[in-house]
Amino acid sequence: VSDFREDGHAAIEWAARYLENVGDLPVLAQVKPGELTAKLPPAPPEDGEPFSNILRDLDDLIVPALTNWQHPRFFAYFATTASEPGILAELLAATMNQVAILWRASPASTELELHVVDWVRQLLGLPEGWHGHIEDTASTSTLAAVMAARHVTGRNVLVCSEHAHSAADKAARMLGMELRKVPADENLAMGTDVDLSDVAAVIATVGTTSFASVDPVRELAERAHAAGAWLHVDAAYAGSAWILEEERWSQDGVELADSLVINPHKWLLTPMDCSLLWTSRPEDFRKAFSLTPEFLRTPDDAYALSDYGPALGRRFRSLKLWAVLRCYGAEALREIQREHIRLAQLFAGLVEDDPNWELCAPQRFSLVVFRRNGSDEENEEILAAVNRSGEIFISHTKLDGRYVLRLAIGNVSTTEADICQAWDALNREARQR
Ligand SMILES: Cc1ncc(COP(=O)(O)O)c(C=O)c1O
């Protein structure tokens, strides 16, 4: 502990160097399964070591086994950024180690969380008066929302699009609910002609994981409510884009939602993990989640964020979001997202202009879904080859049974040159097939 300052300076120096040089590392980890494990001592140390050994082993053991999510040419899944203010705030949150089980256990964490989530609500143009709090992931947020819906409706059926995230399947499985998947239309948006009379909750997605398609939230909300069902909106990725007026078309009907999830750890520069869950029905959430055992009863303490979700002990997650919002400011965040969307449009244009390639889904937000003209095997091989090269990392999905490639932009350091390099790498590997 006496070396805390010195070790701390060295750790920050390590972090700064990593961020400066991450663009020179392979994007996708180039190790085989078990390779790291084989290098680790089988048993824990009996005697303590200096912290500098940890930093040395980061270089020697850990970095080679990293898939570098901070890399400017990370284009797989949904690309993310852990920004510098967010990184530093995580260090400080661990330093203060707040366990915000209820208000008195951490007035600061409880009140800052409510306040900062409300800042985001304002930035995104969401209705006043919604209750928002932070969960770890969208999977947990959706689980919590569906659990609240089941509790208040007394029904046991969950409905979502065939393109909804597997978090819906997992929530249904964990809660023992029946899941009904609705086919999507030619725009990859969920159909609305569905009987909801015995349904607890409908999940509408704004920005599906595979295609960034947008479900008809308004119509689904109206139908759900007419049938006595709950409407949960999963905008885990794309909801952050509502800081841009020009992307608010995708918010149509969201004001009718009973709950909504958006992940700042996806596209709002916040380090993993930070998922925002709002509800227009906070009393129903409390009914579903509030449990106060005797050891938590206090005279002054009516308020606990643990009454709105599964976890009792809660991390000081709002600190990093606060730091990101303050150190960037809304206008810089908007500029970063506009640039990501511009780069995605640029890449989509390259695909469209080349007869060897095909755009497979309408280009939305910062995602491009495409494939090489040819067989599924050829596309699979191209993906494997570019990823193996370490130059870029992209992922895939299936559309109508066909193998398609996804390029998602979300890292703050990604430039036009990186997009061109991705395009060149894809063409180089395609020509070699
Ligand atoms: C639309 C959508 N919902 C939910 C999730 C799950 O997010 P998390 O990893 O925070 O559980 C994702 C992840 O990509 C997503 O794209």
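In listed order, ligands and their atoms are each counted from 1. We count residues from 1, following the sequence as given.
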Close residues, ligand 1: non-hydrogen atom nearer than 4.0 Å: Phe78, Thr137, Ala138, Ser139, His165, Gly207, Thr209, Asp234, Ala236, Asn263, His265, Lys266
For Ala138, all residues meeting side chain to side chain contact (heavy atoms under 4.5 Å, CB included), sequence neighbours excluded: Ala236, Val261, Asn263, Ser275
Contacts of type ring pair (Phe, Tyr, Trp, His ring centres under 6.0 Å), residue Tyr18, not counting sequence neighbours: Trp14
NZ or CZ of Arg372 within 45° of Tyr403 ring axis and under 6.0 Å: no
Residues Glu255 and Arg218 bridged, charged N to O under 4.0 Å: yes
Those residues that, when tested against Trp130, pass ring pair (Phe, Tyr, Trp, His ring centres under 6.0 Å) (two or more places apart): none
Pair Glu90 + Lys320: basic N to acidic O under 4.0 Å: yes
